[in-house]
Amino acid sequence: MIMSAAMLPPGPAGHPLLGSALDFRRDPMGTFRRAKQEYGELVRFRGPVPVYLVTGPDHFQRILVDNFANYPHPADFERKVGAAVGRGLVTTSGPEWTHQRSLVEPVFRKDHLSGFAGIMAERAGLLAREWERRAGQGLPFDVRPDMRRLTLDVLARCLFTADWVGAAAELASAVRVEMEHLNHKLIAVLDLPEWVPTPRNLRFTRARRTMDRIVFELIGARRTGGAGVGEAMRSGRGDLLAMLMAARDPDTGGAMSDQQLRDHVTTLFIAGHETAAAALSWLCHCLATYPEVAEQAAEEVGQVLGGRPPAIGDLPRLRYLRMVIQEVLRLYPPLWQVARTPVEDDELGGHHVPAGSFLLLNTFLLHRDPVYWPEPERFDPERFSRAAVADRLRFSYLPYLAGPRHCVGMAFATMELTIVAACLLQRVRLTSAQGGRPVEARPDMTLNARDAISVIAAARTRKAGAL
Ligand code: HEM
């Protein structure tokens with residue numbers, strides 16, 4: 001069907017040649033916010049490549065669910081991220097993605113993950129005790145590096161169990177370099193291919209080699225069942241790598257090759273570590289800023305756990321804590337914006353969207369739209385009470401997106417955030433040490449704080465009998 005240009009969505013005129021490209025670079029969030037206010041839930045920015053900003057729940061439903069197959073990631077995104085992670089879930093589409101997803105999704109089923117609650121509680125407990133010790137000094141500290149270390153450590157232990165410990169420092173630094181490289185590439189105006197020997201590219205290539213060496217060694221050790229076989233394999237409990245190795249193609253019954261395993265493992269590191277770290281950092285910020293919310297959550301944790309570490313069976317009873325976490329993810333969705341490109345022409349809310357367009361689905365602005373969220377800037381976990389949720393449009397809250405391509409690690413992340421939050425609330429009370437300075441968000445690939453999230457920890461008085 002040929003559609004008239006009049007049906008294209010509205011948007012700013014921008015610069016005659018560059019459209020809004022310079023505004024995106026200078027202030028992406030401000031540019032998007034103003035455009036949404038002026039033009040609504042679907043905005044078309046002119047430029048060398050027109051960009052469509054999508055912030056309406058109905059549009060999200062159409063793109064993510066109703067016409068899902070028409071909206072893969074842009075090829076350019078797959079190419080850039082693929083340089084780091086190969087051909088995993090994030091970097092494939094069509095039948096190849098469907099196939100990969102059918103192999104990985106069962107691994108992340110809730111019942112498979114229950115064995116990881118102990119790892120999460122143990123590692124979070126260690127951090128909580130460290131913060132308790134810091135409480136004695138009364139000095140401010142930035143929560144972000146601790147959260148990055150914690151989530152990487154948890155993910156690596158869940159993937160490799162004990163095998164990872166020897167390679168921990170090397171792997172952590174390689175993942176960090178790869179993340180920084182991707183952040184840079186996805187917004188760079190001049191994107192030089194990896195074979196051009198710039199200092200940044202050389203750093204990235206070294207990090208990728210390190211990561212490959214370690215991951216292939218871990219896989220190799222499992223295959224031969226030699227000295228590197230994980231404690232999990234011997235005990236029969238099964239870590240994520242063991243589960244990925246055990247996954248079978250539903251059609252052929254075949255197992256994954258070493259290269260496929262490497263691509264999945266690297267994808268999980270990239271997709272699952274910084275997202276969770278950002279969420280936990282924002283959670284600390286909110287607990288430090290809203291003491292009455294933190295006290296209510298701490299009281300619930302005390303009642304449900306009575307001082308012992310959280311276990312999987314406790315999680316459904318930590319209802320208020322779950323609401324707090326949901327509200328944190330509303331205000332600070334770690335993947336605040338994702339890209340899609342329609343394969344064929346489509347229509348969104350009566351507007352024409354041509355095949356090949358570059359769409360930005362912005363959950364940050366969706367979650368702060370006053371039409372769906374009264375007083376959107378106010379932090380209020382009660383928005384997630386059962387009654388409030390029942391009254392709301394389903395597609396107005398999408399921190400993990402929705403539809404077939406929603407976050408495959410959602411159950412893992414939910415468990416991790418709840419367990420870490422419970423462990424911290426058991427031991428420390430946080431107060432903000434920002435001295436009135438607002439904590440500004442920096443919209444990289446993940447939504448991080450631009451500067452330190454500075455807090456002071458005070459030890460909570462521990463009840464008799466508590467561990
Ligand atoms: C609070 C933490 C997290 C948030 C908010 C989050 C959010 C998301 C979102 C919005 C997507 C969709 C991206 C897109 O389609 O463009 C996604 C995909 C994905 N996430 Fe997460 N994520 C989190 C944690 C995790 C964890 C812990 C893991 C793994 C252990 C993980 C693994 C993945 C993978 C592999 C994908 C790609 C799925 C696919 O394309 O089929 N995520 N995540």
Side-chain angles (χ1 to χ4, degrees), residues 1-82 90-94 96-97 182 185-189 191 333 335-366 369 395 398 401-406 443 445:
M1 178 172 43
I2 299 175
M3 302 214 178
S4 79
M7 287 176 70
L8 288 170
H15 183 277
L17 286 178
L18 300 173
S20 300
L22 293 178
D23 298 328
F24 291 160
R25 275 206 66 74
R26 263 195 300 263
D27 175 16
M29 200 65 106
T31 305
F32 294 145
R33 197 192 282 268
R34 284 187 294 276
K36 176 177 167 62
Q37 264 161 12
E38 193 163 342
Y39 300 103
E41 296 185 340
L42 184 62
V43 182
R44 180 175 184 272
F45 293 93
R46 291 170 183 77
V49 181
V51 171
Y52 292 71
L53 173 69
V54 181
T55 58
D58 292 348
H59 306 330
F60 274 91
Q61 177 169 358
R62 169 91 188 152
I63 294 167
L64 299 175
V65 180
D66 298 346
N67 198 14
F68 157 76
N70 193 43
Y71 288 96
H73 287 143
D76 197 41
F77 169 90
E78 288 189 1
R79 182 183 58 75
K80 287 178 179 178
V81 180
V90 175
T91 48
T92 49
S93 42
E96 187 181 354
W97 170 82
L182 286 182
K185 269 186 98 66
L186 291 172
I187 55 159
V189 177
D191 171 29
L335 278 188
W336 63 285
Q337 180 161 271
V338 298
R340 295 288 191 269
T341 291
V343 180
E344 290 179 3
D345 287 5
D346 198 13
E347 217 178 89
L348 293 176
H351 290 295
H352 177 55
V353 178
S357 319
F358 191 81
L359 269 58
L360 290 173
L361 282 59
N362 188 310
T363 46
F364 182 89
L365 291 176
L366 171 75
D369 188 330
F395 286 87
L398 297 169
L401 289 188
R405 200 161 196 162
H406 73 277
M445 194 161 80

Student check: side-chain heavy atoms of V353 and E347 closer than 4.5 Å:
no
Validation row: F358, F77 side chains within 4.5 angstrom (heavy atoms):
no
Got a salt bridge between R34 and D27, using NZ or NE/NH1/NH2 to carboxylate O under 4.0 Å?
yes
H73 side chain vs V90 backbone, donor-acceptor pair below 3.5 Å:
yes
Is there a donor-acceptor pair closer than 3.5 Å between any side-chain N or O of R46 and the backbone N or O of P12?
yes
If you define the side chain from C-beta out and look only at heavy atoms, does anything of V65 sit under 4.5 Å from F60?
no
Closest non-hydrogen atom pair, A355 against D345:
N-OD1, 2.8 Å
pair I63-V54: side-chain heavy atoms closer than 4.5 Å
yes
Please assess T363 against L401 for the test side-chain contact (heavy atoms from CB on, under 4.5 Å), listing each intermediate value before the final yes or no.
CA-CA 8 Å; T363 46; L401 289 188; 4.1 Å; yes
Can you check side-chain contact (heavy atoms from CB on, under 4.5 Å) on N67 and D346, steps first, answer last?
CA-CA 9 Å; N67 198 14; D346 198 13; 3.2 Å; yes
Please examine the side chains of M29 and W336, heavy atoms only from C-beta on, and report whether any two atoms are closer than 4.5 Å.
yes
Could you go step by step and tell me if Y71 and L64 meet the side-chain contact (heavy atoms from CB on, under 4.5 Å) rule?
CA-CA 8 Å; Y71 288 96; L64 299 175; over 6 Å; no
Would you indicate whether the side-chain heavy atoms of L8 and P354 approach each other to under 4.5 Å?
yes
Considering non-hydrogen atoms only, spot the tightest contact between T31 and D23 and give its length.
OG1-O, 3.1 Å
So F364 and Q337, side-chain contact (heavy atoms from CB on, under 4.5 Å) or not? Walk me through it.
CA-CA 7 Å; F364 182 89; Q337 180 161 271; over 6 Å; no
Please check if the side chain of H406 supplies one atom and the backbone of G403 the other of a donor-acceptor pair under 3.5 Å.
yes
Heavy atoms of G56 and L366 approach each other most closely as C-CD1, 4.3 Å
Donor-acceptor pair, S93 side chain versus P72 backbone, under 3.5 Å?
no
For A69 and V343, the nearest pair of non-hydrogen atoms, with its separation, is O-CG2, 4.3 Å
Nearest heavy-atom approach of S357 to P342 is O-CD, 3.3 Å
Ionic contact status for D58 with R62, cut-off 4.0 Å
no
Under 4.5 Å between any side-chain heavy atoms of R340 and R405, yes or no?
yes
Value for CG (L53) from CG (L365), rounded to nearest 0.5 Å, stands at 6.5 Å
Spell out, as yes or no, whether a donor-acceptor pair under 3.5 Å connects the side chain of T55 to the backbone of N362.
no
Check this for me: E344, atom CD, are more than 12 non-hydrogen atoms of other residues, nucleotides or ligands nearer than 6.0 Å?
no
On a heavy-atom basis, which atom in R44 and which in Y52 lie closest, and how many Å separate them?
NE-OH, 3.0 Å
Could you check if a side-chain atom of K36 sits within less than 4.5 angstrom of a side-chain atom of D369, using non-hydrogen atoms only?
yes
